[in-house]
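Down below is the structure, laid out as structure tokens.
Treat the numbers as computed from the prediction; the structure is a model and nothing was measured.
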Amino acid sequence: MAIDWNKFDHLFKRREVAAKTTLLKEGEISRTMFFIEKGCLRTWINNDGKEITTQFFFENDRVASIESFKTNQPSLYSIESLEPSILRTISQHDFQNSLENLPEIKKELEEHLFRRLLHGQKLFYSYLKNSPQKRYQELLEEYPHIIQRVPQHYIASYLGITSVSLSRIRNRR
């Protein structure tokens, strides 16, 4: 059963951001959760000055550095908008109160965390066992909207390859 988040509108603030807006920097403590009304966000890490994209999020997705959000530890990654986006934000304090007082939100969060864990595991094992060609094919089959909406250099980073390699893979198709 999906939660009707509209009944919690009073807890949210609406925020419009331009493309390429950093919402959370790696190393900061996450104090806000973002619900995407419109747009696209990505999470990424800095590896010696090289950005590595770890995940993409679109309409109706929820995004936070949940580990940081729950533990007040520094975030392991940054969150950035890739498109002009309309977000609904909830503070750490309001979210914690909702979790404690509304069991349906706690259940929804558990399901959300499980989906993120499953996605992360699938990606991790794909890196271990699949060629870049196969990883691209899986992305194309499972998440075609990513290919349509996300710039190629972010997709290449997500797949763990260079933009040149991704161009070659796409040209072979």
Is there a side-chain contact between [X] and [Y] in this structure, where contact means two heavy atoms from C-beta onward sitting under 4.5 Å apart?
| X | Y | result |
| --- | --- | --- |
| Gln137 | Ile169 | no |
| Leu159 | Pro132 | no |
| Arg170 | Gln152 | yes |
| Leu76 | Ile45 | no |
| Val150 | Arg42 | no |
| Phe12 | Asp94 | no |
| Tyr136 | Arg172 | no |

Do Asn72 and Gln92 meet the criterion of a side-chain donor-acceptor pair at a distance under 3.5 Å?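 Checked: Asn72/Gln92 side chains pair up, N/O donor to acceptor below 3.5 Å.
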Just grab all the ring pair (Phe, Tyr, Trp, His ring centres under 6.0 Å) pairs involving residues 45-83, residues at least two apart or on different chains.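 As it turns out, the ring pair (Phe, Tyr, Trp, His ring centres under 6.0 Å) pairs with a partner in residues 45-83, which skip direct neighbours, are Phe56-Tyr158, Phe58-His145, Phe69-Phe95.
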[atom1]/[X] to [atom2]/[Y] distance, rounded to the nearest 0.5 angstrom?
| X | Y | atom1 | atom2 | result |
| --- | --- | --- | --- | --- |
| Glu80 | Thr43 | CD | OG1 | 10.5 Å |
| Leu118 | Leu123 | CG | CG | 11.5 Å |
| Ser91 | Lys13 | OG | NZ | 6.5 Å |
| Leu166 | Arg168 | CG | CZ | 11.0 Å |
| Ser75 | Glu26 | OG | CD | 7.0 Å |
| Lys38 | Glu83 | NZ | CD | 7.0 Å |

With hydrophobic residues grouped by side-chain heavy-atom distances under 4.5 Å, do [X] and [Y] end up in a single group?
| X | Y | result |
| --- | --- | --- |
| Ile52 | Ile79 | yes |
| Ile147 | Ile161 | yes |
| Ile146 | Tyr127 | yes |

Spell out, as yes or no, whether a donor-acceptor pair under 3.5 Å connects the side chain of [X] to the backbone of [Y].
| X | Y | result |
| --- | --- | --- |
| Ser157 | Thr53 | yes |
| Glu59 | Gly39 | yes |
| Ser85 | Ile36 | no |

For [X] against [Y], the heavy-atom pair lying closest together:
| X | Y | value |
| --- | --- | --- |
| Leu41 | Ser81 | CD2-CA, 3.4 Å |
| Ser65 | Leu24 | CB-CD2, 3.5 Å |
| Thr21 | Arg15 | CG2-NH2, 4.5 Å |
| Asn60 | Arg62 | O-NH1, 3.8 Å |
| Arg135 | Gly160 | NH2-O, 4.3 Å |
| Leu23 | Phe34 | CB-CZ, 3.7 Å |

Apply side-chain contact (heavy atoms from CB on, under 4.5 Å) to residues Gln96 and Lys70 and explain how you reach the verdict. CA-CA 9 Å; Gln96 282 305 121; Lys70 290 284 291 165; 3.8 Å; yes
Could you tell me which residues satisfy ring pair (Phe, Tyr, Trp, His ring centres under 6.0 Å) with His153, sequence neighbours excluded, listed by chain and number?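 Expected list: none.
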side-chain contact (heavy atoms from CB on, under 4.5 Å), paired with Phe35, selected from Ile90, Leu87, Ile86, Val63: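 Among the candidates, only Ile90 passes.
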Show the numbers, then the answer: is there a side-chain contact (heavy atoms from CB on, under 4.5 Å) between Glu142 and Lys122? CA-CA 12 Å; Glu142 291 183 43; Lys122 285 174 74 174; 3.1 Å; yes
Give a yes or no on whether Lys20 atom NZ has more than 12 heavy-atom contacts from other residues, nucleotides or ligands under 6.0 Å away.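 Above 12, so yes.
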